[in-house]
Amino acid sequence: MRDIFKNASIKYTGKSYVVLIGVENQSDIHYAIPVKNMFYDVMAYGNQVKETAKKHRKEKDTATSDEFLSGFTKEDKLIPVITITVYLGTKEWDGPRRLSDMFGDVDEELLPSIPDYRINLLAPREITDFTGFRTSIRQLFEVLKNAYDKEKMQEVLQNDEKFSNVDRETVEAINLFAGTDIDIDGKEEVIDMCKAWEEQKNEGREEGREEGRIRQAKITALKLQKKGHSIEDIAECVDFDEETVKKWLVS
């Protein structure tokens with residue numbers, strides 16, 4: 001049911017620990033994510049207990065009735081489960097970050113008795129230092145952080161040489177989640193995003209100029225029609241073919 005669920009060995013404070021890492025990818029804000037993630041974590045812990053109990057039943061090695069009924073002995077340990085919510089949207093995250101954020105008005109004296117649950121949220125808009133990322137996910141996150149501001153996007157692409165050599169899959173993900181339209185050649189496996197971004201901007205300028213020329217030609221054509229000029233004369237004046245001019249004047 002999870003998007004990603006893997007065993008991981010983490011070195012922390014000089015020691016190595018085995019943990020289970022779950023990743024939930026969110027392209028949109030999920031306003032019930034604490035409950036969703038908590039449910040997955042409980043299932044993961046429940047499965048560990050279930051498998052441990054099955055092992056004890058098979059080996060018949062429980063020493064007391066308490067251990068037999070629990071299916072878990074005093075020496076048995078759970079592997080920690082860490083769920084990370086990776087938010088791939090361009091808007092700021094305004095959803096809950098813990099279970100208690102989803103409660104209504106609750107008397108403060110009751111809160112200590114209510115178990116809480118906090119999510120681990122990875123949201124590009126909230127990242128201030130990308131140097132810790134070792135893979136091309138760094139480029140994806142940097143674009144998502146700045147996708148709402150074209151000037152900032154331009155600055156990021158120009159100042160980070162890593163964007164001159166981005167793998168195809170990352171560019172496809174950037175197009176999908178950031179809403180960009182970076183052109184990808186069918187044979188290219190590596191894309192120079194800075195160059196592609198500039199080319200896209202230049203194409204946009206050209207399209208804008210052409211749209212402006214057409215808009216002005218339509219205005220001129222209507223004015224000339226009101227003055228009684230023929231379609232042929234109008235077409236010659238605005239430098240468009242007669243069929244195109246006819247469509248403008250009819251519409």
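Under the side-chain contact (heavy atoms from CB on, under 4.5 Å) criterion, Lys36 pairs with Glu24, Gln26, His30, Ile33, Tyr40, sequence neighbours left out.
Note that CG of Asp61 and NZ of Lys55 are 5.5 Å apart. Values are rounded to the nearest 0.5 Å. The CZ atom of Phe72 lies 7.5 Å from the NE2 atom of His56; values are rounded to the nearest 0.5 Å. Once rounded to the nearest 0.5 Å, the distance linking OG1 of Thr64 with CG of Leu69 reads 8.5 Å. Between atom SG of residue Cys237 and atom CD of residue Glu232 there is a gap of 13.0 Å, rounded to the nearest 0.5 Å. Residue Leu88 holds its CG atom at 6.0 Å from CG of Leu144, rounded to the nearest 0.5 Å. We find the CG-CE distance between Asn47 and Met43 to be 6.0 Å, quoted to the nearest 0.5 Å.
Of all heavy-atom pairs spanning Asn37 and Tyr117, the tightest one is CB-OH, 3.4 Å. The nearest pair of heavy atoms linking Ala32 to Met102 is CA-CE, 3.7 Å. Of all the heavy atoms in Trp248 and Ala221, the pair that sits closest is CE3-CB, 4.2 Å. Heavy-atom minimum distance, Pro96 versus Asp101: CB-CB, 3.7 Å. Scanning both residues, Trp93 and Asp28, for their nearest heavy atoms gives CZ3-O, 4.5 Å. Heavy atoms only, all atoms of each residue included: Ile119 and Pro34 are closest at CG2-CA, 3.7 Å.
A 4.5 Å side-chain heavy-atom check between Glu75 and Glu67 finds at least one atom pair inside the cut-off. A 4.5 Å side-chain heavy-atom check between Thr85 and Asn120 finds every atom pair outside the cut-off. At a threshold of 4.5 Å between non-hydrogen side-chain atoms, the residues Glu243 and Lys246 count as touching. Using a 4.5 Å heavy-atom threshold, the side chains of Gln139 and Phe163 count as touching. Counting heavy atoms from C-beta on, the side chains of Thr90 and Phe177 never come closer than 4.5 Å. By the 4.5 Å heavy-atom criterion applied to side chains, Leu176 and Glu172 are not counted as neighbours. Residues Leu224 and Asp233 fail the side-chain proximity criterion, which asks for heavy atoms closer than 4.5 Å.
At a threshold of 4.5 Å between side-chain heavy atoms, the hydrophobic network of Ile, Leu, Val, Met, Phe, Trp and Tyr places Phe39 and Leu99 in two separate groups. A single hydrophobic cluster is not seen to contain both Ile84 and Val42; linkage of ILVMFWY side chains at heavy-atom distances under 4.5 Å, directly or through other members, places them apart.
In this structure, the side chain of Asp76 engages the main chain of Thr73 through a donor-acceptor pair within 3.5 Å. Although no hydrogens or angles enter the test, the distance criterion places a donor-acceptor pair under 3.5 Å between the side chain of Asp116 and the main chain of Ser100. Side-chain atoms of Tyr45 come within 3.5 Å of backbone atoms of Val81 as a donor-acceptor pair (strictly under, hydrogens ignored). A donor-acceptor distance shorter than 3.5 angstrom exists from the side chain of Lys145 to the backbone of Ile127, with no hydrogens or angles considered.
Residue Glu59 qualifies as enclosed at atom CD: its count of foreign heavy atoms under 6.0 Å is above 12. Within a 6.0 Å radius of CD in Glu92, no more than 12 heavy atoms belonging to other residues, nucleotides or ligands are found. More than 12 heavy atoms of other shown residues, nucleotides or ligands fall within 6.0 angstrom of atom CD in Glu126. Around the CD atom of Glu242, the shell of radius 6.0 Å holds more than 12 heavy atoms that belong to other residues, nucleotides or ligands. Remark: Asp105 CG is loosely packed, at most 12 non-hydrogen atoms of other residues, nucleotides or ligands lying under 6.0 Å away.
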In residues 3-22, what donor-acceptor pairs under 3.5 Å come from side-chain atoms, sequence neighbours left out?
{"unit_1": "Asp3", "atom_1": "OD2", "unit_2": "Asn25", "atom_2": "N", "d": "2.8"}

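Between Phe141 and Phe130, the distance separating the two ring centers is not shorter than 6.0 angstrom.
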Any chance you could lay out the salt bridge (Lys or Arg N to Asp or Glu O under 4.0 Å) test for Lys247 and Asp241, step after step, and finish with the verdict?
CA-CA 10 Å; Lys247 291 178 182 177; Asp241 63 84; over 6 Å; no
Under the side-chain contact (heavy atoms from CB on, under 4.5 Å) criterion, do Ile234 and Phe240 qualify, and how do the steps go?
CA-CA 9 Å; Ile234 296 172; Phe240 278 88; over 6 Å; no
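One side chain, Thr131 or Asp129, offers a donor N or O that lies under 3.5 Å from an acceptor on the other.
Under the side chain to side chain contact (heavy atoms under 4.5 Å, CB included) test applied with Val143, the options Ile174, Asn175, Val166 reduce to a single match, Ile174.
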